[in-house]
> 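Quick one: structure below, then a few questions.
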There are 4 protein chains.
Amino acid sequence: MRNEQARQDILDAALALAAADLDGLTVDAIAARAGVGKQTIYRWWPSKWAVVLDALVERAATDVSPGTGTPERRLATFLATSFASLETSTGPVLRALMARAQFDAEFAEVFRGRLVEPRRAVLRELLAEGSGRRGADLDALVDMLFGAMWYRLLVGHGALDRAFARRLARLAVASSPPEPMG
Amino acid sequence: MRNEQARQDILDAALALAAADLDGLTVDAIAARAGVGKQTIYRWWPSKWAVVLDALVERAATDVSPGTGTPERRLATFLATSFASLETSTGPVLRALMARAQFDAEFAEVFRGRLVEPRRAVLRELLAEGSGRRGADLDALVDMLFGAMWYRLLVGHGALDRAFARRLARLAVASSPPEPMG
Amino acid sequence: MRNEQARQDILDAALALAAADLDGLTVDAIAARAGVGKQTIYRWWPSKWAVVLDALVERAATDVSPGTGTPERRLATFLATSFASLETSTGPVLRALMARAQFDAEFAEVFRGRLVEPRRAVLRELLAEGSGRRGADLDALVDMLFGAMWYRLLVGHGALDRAFARRLARLAVASSPPEPMG
Amino acid sequence: MRNEQARQDILDAALALAAADLDGLTVDAIAARAGVGKQTIYRWWPSKWAVVLDALVERAATDVSPGTGTPERRLATFLATSFASLETSTGPVLRALMARAQFDAEFAEVFRGRLVEPRRAVLRELLAEGSGRRGADLDALVDMLFGAMWYRLLVGHGALDRAFARRLARLAVASSPPEPMG
DNA sequence: CCATAAGCGAGACGGTACGTCGGGTCTTGAG
DNA sequence: CTCAAGACCCGACGTACCGTCTCGCTTATGG
């Protein structure tokens, strides 16, 4: 019979600490800030990163409405919104989670299932609308767009700004074959 | 008055340990396997990851000749070759380096300069040949292609096989506007 | 409204666990083996050691009849019987209780009152019979005899066998001043 | 190449903390007070109790000169001095060490060899002087005297004062058979 | 041809965080 | 209303690595 209050306190603490200073994100620190025993964290999560992931997924506003307009414009808006959400502390936290996923296969799976795949599904849906593309091509396009985003986020060689969003959108739409007639 | 033998031993040890078990890659382990004092490592590298990066850059065969044929075919070959090079222990090691770069700004810079940018330059060159694209579009295309590669490498949601290389090449070329006449 | 069945189960469990492996003697283990909630233990005993003490006092055969014969012979028999009772799992358990008493003043008092003093009283009575010794000398003799026993039990530098019992008896009796005449 | 300064700091810290508050005697606390990493303690000692034992043996003034006079008087002085040394913080520390020895066989052996046996040897020597007693009887007498001391120290049912020392001495000497003539 | 300073192996050191264990308290739900 | 089941807070444990710091020993000039 899990204590819901403690759960919320832990997620809050983890998010706050992660936002303030990722290096200070210690299991002890989370426990202390949440007013909780360390064991209570380990009882329910396999690692502090799982806590952060939970917090992020549960707390993050995931509504990304691409608005209206041409497919290209809608795609550009979607991408720009996605990029913007990385400006806050979310960006560094996501980078840290992705990093963690490289060392911890179990976490990687949760990370993929709870965070990556849902977002891929949204973009895939958006790309599918009013386009003749089929499965694998859609997947590849999603990889190219989110891949470009993650790549810049992780490597830091280029800005994730509105201009980049528009450029990606244009290139993606241009790669579309002309809609088959009839 | 650097001992070149020790340097090679350290790089060998680092690579061997990284290939065998990334978790067992500790500075102590590298030093022990190389028959070297820890200080000798810290004297020449700021962290074990810098050692691994050095080893990778120095040892890795970086010759990627795209062969001949249509631009799309050459691009596909280039990508397929790139993907193939990740099949060995190189893939996990690259993942680990990228992960480390998320925590260590100093290392991130070296990682970008010694590993990421050179490869970007090669791809950029390949994309520029016989295409009317200008700067920022080229960069964005590079981001989309290498981004897709890294994305799959890091998240592991899709294979990095020859089919994916061909598909990316087709989409990239299709995104090209028709070559301006005259 | 105490559940007597539970009480017995707890004492049984404590004794069984203590006999099997003193390190495995945790409150959780006792509760689990007794099929009882931890709280039920804490409701009636201040600590697991109090449980063990209760079990020992309640279960242990404390009848020590010194038999007949000369005072020295009767004393030797008493001591030998006492030593023999330590051969079973009782010895280690007593050692653990004595150890616990060093850290826990409250327990120490109970330990003294329920276990140590009653045994002292028996020995004191035995020594008093047909001897001219008065109070403080009697106490000191008791301390020397039981002291020697505990000392060997706790330090383990010498055996607690029949020979040692006889030797102690002889020395104790010899220390007696000749019975005043008249 | 062990750091002697650190060793001394650790022993000092352990002794100071043990004297101040035995419950506060934590490995972390010792390390913190000594300005030392915890690992440095674990590198050289198997447990904090081994540290305390080392400190005690190394620091304790062990010179116990029984003075002059009759054998009984000399014995009484020796015992009184021994008792007096327990008045300081040494008493509780010894109790704690004895307690620890009940749970930790490895420590028990060291405790016996470094602390108990040397003191036994001194008393044995004293009892042997000018007495016709042979081996096993001497051992038993030592057990009775030091046993009585430990017994009172551990159980706390009687004072370890000068009067008790005298009484023990008298009884011990009385238990001696008359020196065989010529 | 030595001396002297650098590089070296070895490994102890101060630190930080980890994940686990057990104690004693508090909560919940079934009987 | 009791009580098993077990979650909770807490504090200490012993371990793993990190990056720094002596130690002597080797070695390779440069006076």
Side-chain angles (χ1 to χ4, degrees), chain A residues 1-7 9-10 23-32 34-48, chain B residues 1-7 9-10 23-32 34-49 104, chain C residues 1-3 5-6 9-10 23-49 103-104, chain D residues 1-7 9-10 23-32 34-48:
Chain A
M1 189 63 47
R2 182 165 184 174
N3 181 340
E4 181 59 21
Q5 183 59 51
R7 182 170 179 276
D9 290 346
I10 290 168
D23 290 341
L25 185 72
T26 297
V27 177
D28 288 86
I30 297 174
V36 137
K38 250 200 301 187
Q39 196 60 249
T40 300
I41 296 180
Y42 283 112
R43 185 160 23 241
W44 301 111
W45 290 277
S47 79
K48 65 183 172 186
Chain B
M1 198 176 295
R2 181 167 185 173
N3 182 338
E4 181 58 21
Q5 184 56 51
R7 183 169 180 277
D9 289 348
I10 291 167
D23 290 341
L25 185 73
T26 65
V27 177
D28 288 83
I30 298 174
V36 137
K38 265 208 290 184
Q39 197 54 247
T40 301
I41 296 179
Y42 282 111
R43 196 174 355 256
W44 304 110
W45 291 275
S47 80
K48 66 182 171 187
W49 299 109
D104 181 341
Chain C
M1 196 174 295
R2 181 167 182 172
N3 182 338
Q5 183 57 50
D9 290 346
I10 291 167
D23 289 341
L25 185 73
T26 63
V27 178
D28 289 83
I30 297 174
R33 183 180 243 264
V36 138
K38 263 206 292 183
Q39 196 52 244
T40 301
I41 295 180
Y42 282 111
R43 198 174 354 259
W44 303 112
W45 291 276
S47 79
K48 64 181 173 187
W49 298 109
F103 292 114
D104 181 341
Chain D
M1 191 64 49
R2 182 166 183 175
N3 182 341
E4 181 58 23
Q5 183 58 52
R7 183 169 179 276
D9 290 348
I10 289 168
D23 290 342
L25 186 70
T26 296
V27 178
D28 288 87
I30 298 174
V36 136
K38 250 200 301 185
Q39 198 59 38
T40 299
I41 296 179
Y42 283 113
R43 186 161 22 242
W44 302 110
W45 291 277
S47 79
K48 63 183 172 187

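Quick caveat, the model's predicted, so the values are computed rather than measured. Chain naming here is simple, since letters A, B, ... match the order of the sequence lines and numbering starts at 1 in each. All values below come from the heavy atoms of this structure, side chains included, with hydrogens, waters and symmetry mates left out.
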> Do any side-chain nitrogens or oxygens of Trp44(D) fall under 4.0 Å of OP1 or OP2 in dA12(E)?
no
> dC8(E), dA4(F), dC9(F): which one has an atom nearest the side-chain heavy atoms of Val36(C)?
dA4(F)
> Ignoring hydrogens, what is the shortest heavy-atom contact between Ile41(D) and Ala31(D)? Give both atom names and the distance.
CD1-N, 3.8 Å
> Want to settle it: does Ala31(C) or Asn3(A) sit nearer the 5' end of DNA chain F, counting the closest nucleotide to each?
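Of the two residues, Ala31(C) wins.
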> When you check the phosphate oxygens OP1 and OP2 of dC8(E), does a side-chain N or O of Arg43(B) lie under 4.0 Å from one of them?
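Yes.
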> Could you say whether Gly35(D) or Asp23(C) is positioned toward the 5' end of DNA chain E, judged by the nucleotide with the nearest heavy atom to each?
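Comparing both residues, the 5'-ward one is Gly35(D).
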> With DNA chain E as reference, determine whether Gly37(D) or Gly37(B) sits nearer its 5' end, using the nearest nucleotide of each.
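Between the two, 5'-proximity favours Gly37(B).
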> In whole Å, I'd like the distance from the CD1 atom of Ile41(C) to the C1' atom of dA5(F).
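Ile41(C) atom CD1 is separated from dA5(F) atom C1' by 13 Å.
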> Just call it for Trp45(B): base, sugar-phosphate, or nothing, with non-hydrogen atoms closer than 4.0 Å on any strand.
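No contact at all - Trp45(B) keeps every heavy atom at 4.0 Å or more from the nucleic acid.
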> Just to verify, what does Asp104(C) make a side chain to side chain donor-acceptor pair (under 3.5 Å) with, not counting sequence neighbours?
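Scan of Asp104(C) (side chain to side chain donor-acceptor pair (under 3.5 Å), adjacent residues dropped) gives Arg100(C).
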> Who passes side chain to side chain donor-acceptor pair (under 3.5 Å) against Asn3(A), sequence neighbours left out?
none
> Calculate the interatomic distance between Gln5(C) atom CD and dA4(F) atom P; express it in whole Å.
11 Å
> Excluding sequence neighbours, so at least two apart, what forms salt bridge (charged side-chain N to carboxylate O under 4.0 Å, His left out) with Lys48(A)?
none
> Evaluate the side-chain proximity of Ile10(C) to Trp45(C): yes if any heavy-atom separation is below 4.5 Å, no if none is.
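Result yes, sub-4.5 Å side-chain heavy-atom pair found.
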> Given atom CZ of Arg7(D) and atom P of dC13(E), what is their separation to the nearest angstrom?
11 Å
> Rounded to whole Å, please give me the gap between CD in Glu4(D) and P in dA12(E).
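One finds 15 Å between P of dA12(E) and CD of Glu4(D), rounded.
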> Between P on dT2(F) and CG on Asp9(C), what's the gap in Å once rounded to a whole number?
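After rounding, the reported distance stands at 19 Å.
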> Considering every strand and a 4.0 Å limit on heavy-atom distances, what is the contact class for Trp49(C): base, sugar-phosphate, or nothing?
nothing
> Run the side-chain contact (heavy atoms from CB on, under 4.5 Å) test against Ala29(B) and tell me which residues pass, sequence neighbours left out.
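Testing Ala29(B) for side-chain contact (heavy atoms from CB on, under 4.5 Å), a comparison that skips the adjacent residues, returns Leu17(B), Thr26(B).
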> Restricting to side chain to side chain donor-acceptor pair (under 3.5 Å), what partner residues turn up for Gln39(D), sequence neighbours left out?
none
> For a quick test of reading the model: is some side-chain N or O of Thr40(D) closer than 4.0 Å to OP1 or OP2 of dA12(E)?
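For Thr40(D), the contact criterion (side-chain N or O under 4.0 Å from OP1 or OP2 of dA12(E)) is not met.
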> Going 5' to 3' through nucleotides 23-31 of chain E, assign each nucleotide B (protein heavy atom under 4.0 Å from a base atom), S (under 4.0 Å only from sugar-phosphate atoms) or - (no protein heavy atom that close).
SBBB-SS--
